[in-house]
Protein chains: 2
Amino acid sequence: MKHTYQYPRAALTVDCVVFGFDGGDLQVLLIRRAIPPFKDHWALPGGFVRVEETLDEAARRELVEETGLKDVFLEQLYTFGTIDRDPRERVVSIAYYALVKPADHTTAASTDAAEARWYPITGIPPLAFDHATILDIALKRLRGKLTYQPVGFELLPAKFTLTQLQRLYEAVLGTEIDKRNFRKKVLSFDLLIPLKEQLRDGPHRPAQLFRFDPVKYERLKKKGFLFEI
Amino acid sequence: MKHTYQYPRAALTVDCVVFGFDGGDLQVLLIRRAIPPFKDHWALPGGFVRVEETLDEAARRELVEETGLKDVFLEQLYTFGTIDRDPRERVVSIAYYALVKPADHTTAASTDAAEARWYPITGIPPLAFDHATILDIALKRLRGKLTYQPVGFELLPAKFTLTQLQRLYEAVLGTEIDKRNFRKKVLSFDLLIPLKEQLRDGPHRPAQLFRFDPVKYERLKKKGFLFEI
DNA sequence: AATGATAGTGTATGAAACACACTTACCAAT
DNA sequence: ATTGGTAAGTGTGTTTCATACACTATCATT
């Protein structure tokens with residue numbers, strides 16, 4: 001390749017912090033590296049950016065290739081450019097974070113050759129490169145995001161109960177929330193549609209199922225409304 | 001250069017959205033490009049990342065080189081990687097935004113060969129590359145930032161009056177703010193130290209000068225306190 | 001019929017947001 | 001010295017929102 005600039009190019013990667021929720025713990029999807037460096041270490045899914053794709057496209061492609069996940073909530077997080085973050089040469093990584101619904105969890109775990117596994121956020125193994133730092137920043141971002149934008153449903157099945165939603169908020173934020181206040185507030189936003197269905201699990205009163213209303217959400221976003229829970 | 005990876009490298013640039021405040025308008029520092037592409041167009045200060053420097057270092061170096069500004073508030077904004085954002089070849093740009101105190105404005109305008117000029121945010125000329133998009137996102141970020149973190153003083157002189165601070169908030173957020181409520185709220189955070197000095201300008205009652213208390217601010221940040229105005 | 005488990009609901013209190021108008025201090029002009 | 005113009009500075013009442021808190025309803029199991 002001919003250099004039109006006199007400046008050296010850098011190898012570019014994308015890395016994805018994939019969050020999931022199993023009803024109790026916030027989880028992160030990790031893959032075990034098959035090649036050096038950091039062979040056999042756990043790492044964030046990701047890989048090199050190709051010249052003919054945008055950064056977002058690269059992130060989505062890598063997600064499919066390494067975890068089988070597609071059509072997930074995906075947002076750019078931060079770009080990491082420390083000089084020695086890759087032992088081989090200068091590699092700059094654009095980090096993304098993804099929110100994945102439970103329906104996709106099985107696909108994610110089972111797909112392809114490289115081993116992929118969900119880890120609870122409280123029990124993350126040592127990670128390759130500076131991926132621990134990336135994960136740390138992603139978690140902070142998720143916490144912030146969750147408190148001022150209704151993205152929680154991205155981590156839940158299409159139909160969910162208010163208790164499930166509350167458990168999710170508690171897991172991500174690491175706090176206990178009062179049930180009545182939580183329901184009052186969540187419902188006041190008028191973004192949840194009660195379904196005719198109920199969830200019957202176990203020997204107790206069945207729970208009302210809701211689904212998220214994306215139309216109303218878009219309307220709110222356009223008006224610049226944000227809000228916290 | 002020998003490729004240890006089989007993937008092509010990309011040219012990497014940093015671009016800086018430099019915000020200033022002249023007492024009335026929020027302003028942005030632009031430079032006129034001396035070389036193609038977009039020769040003679042206005043653009044954000046920025047340039048290529050070198051292999052031996054981090055992204056932050058590159059952003060600060062370019063700021064000094066192109067505008068003479070140093071020791072300013074600087075934060076990474078977003079990374080832009082559309083394929084055709086540079087007409088020559090694939091260039092990925094890590095955008096930053098900076099907040100500059102008025103004392104530095106003159107230095108900024110006067111330095112070096114390339115022409116540099118402050119433009120009010122309401123009268124930005126056509127910009128090179130996708131810099132209009134970058135500016136747009138930076139402005140949104142600044143608005144968000146200002147509403148939940150006390151960064152306003154980064155755009156004011158070391159000594160400032162509450163009215164100046166209010167004008168700044170009004171200029172950035174594009175709203176009118178009630179004087180009494182604003183003062184009540186700002187002072188309640190206990191981050192401003194009243195000085196023995198007053199500002200006398202014009203035929204009216206002189207205004208109390210304050211300075212920001214960085215020590216108390218750090219203490220708040222550590223506790224994870226954020227707040228809005 | 002009794003037990004155990006989770007769903008679901010209302011009210012009272014305190015804190016913060018918001019709306020709102022007049023007095024004070026200085027300068028300049030007469 | 002008085003007047004007029006200009007921006008600084010100040011307090012209260014109202015409303016809205018956050019928080020704390022305990023019991024009843026419904027189902028499955030025995």
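Proteins get letters first, then strands, A, B, ... in listed order; numbering begins at 1 in each.
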Relative orientation of the end axes in the helix from C:dA1-D:dT30 to C:dT30-D:dA1, expressed as an angle to the nearest 10° (five pairs per end): 0°
Ring centers of B:Phe21, B:Phe19 separated by less than 6.0 Å: no
Interatomic distance where CZ belongs to A:Phe210 and C1' belongs to C:dA7 [whole Å]: 11 Å
Nearest-0.5 Å distance that lies between atom CZ in B:Phe160 and atom CZ in B:Phe210: 8.5 Å
Closest to the B:Asn181 side chain, choosing from D:dT10, D:dG11, D:dA22: D:dG11
Under 4.0 angstrom between B:Arg183 side-chain N/O and D:dG9 OP1 or OP2: yes
Backbone of B:Arg85 reached by a side-chain donor or acceptor of B:Thr82 within 3.5 Å: no
Between D:dC17 (P) and A:Asp178 (CG): distance, integer Å: 18 Å
Gap between atom CG of A:Leu77 and atom NZ of A:Lys145 - 0.5 Å precision: 11.0 Å
Base D:dA7 paired with B:Asp201 side chain (donor-acceptor, <3.5 Å): no
Salt bridge B:Asp56-B:Arg60, side-chain N to carboxylate O under 4.0 Å: no
Distance, rounded to the nearest Å, where B:Lys179 contributes NZ and D:dT12 contributes P: 18 Å
A:Lys216/A:Asp190 under salt bridge (charged side-chain N to carboxylate O under 4.0 Å, His left out): CA gap, chis, key distance, verdict: CA-CA 8 Å; A:Lys216 280 188 183 153; A:Asp190 202 29; 3.3 Å; yes
D:dA8 phosphate, OP1 or OP2, under 4.0 Å from B:Thr163 side-chain N/O: yes
Within 45° cone of B:Tyr217 ring axis and under 6.0 Å: B:Arg219 NZ or CZ: no
Rounded interatomic separation in angstrom, taking CZ from A:Phe182 and C1' from C:dA7: 14 Å
Distance in angstrom units between A:Leu187 CG and C:dA7 P, rounded: 14 Å
B:Glu75/B:Tyr97 under side chain to side chain donor-acceptor pair (under 3.5 Å): CA gap, chis, key distance, verdict: CA-CA 6 Å; B:Glu75 239 180 40; B:Tyr97 71 103; 2.8 Å; yes
Letter per nucleotide, 5' to 3', of nucleotides 22-30 of chain C [B base touched, S only sugar-phosphate touched, - untouched; heavy atoms, 4.0 Å]: --BBBB---
Side-chain-base donor-acceptor pair under 3.5 Å for A:Lys184 and C:dT11: yes
Distance in angstrom units between B:Arg180 CZ and D:dA7 P, rounded: 17 Å
Atom-to-atom span, CD of B:Gln166 to P of D:dT10 - whole angstrom: 14 Å
Test log, rule salt bridge (charged side-chain N to carboxylate O under 4.0 Å, His left out), inputs A:Arg61 and A:Glu57: CA-CA 6 Å; A:Arg61 177 183 51 75; A:Glu57 284 164 1; over 6 Å; no
Under 4.0 angstrom between B:Lys185 side-chain N/O and C:dA17 OP1 or OP2: yes
Protein-nucleotide distance (B:Ile177, atom CD1; C:dA17, atom P), rounded to Å: 13 Å
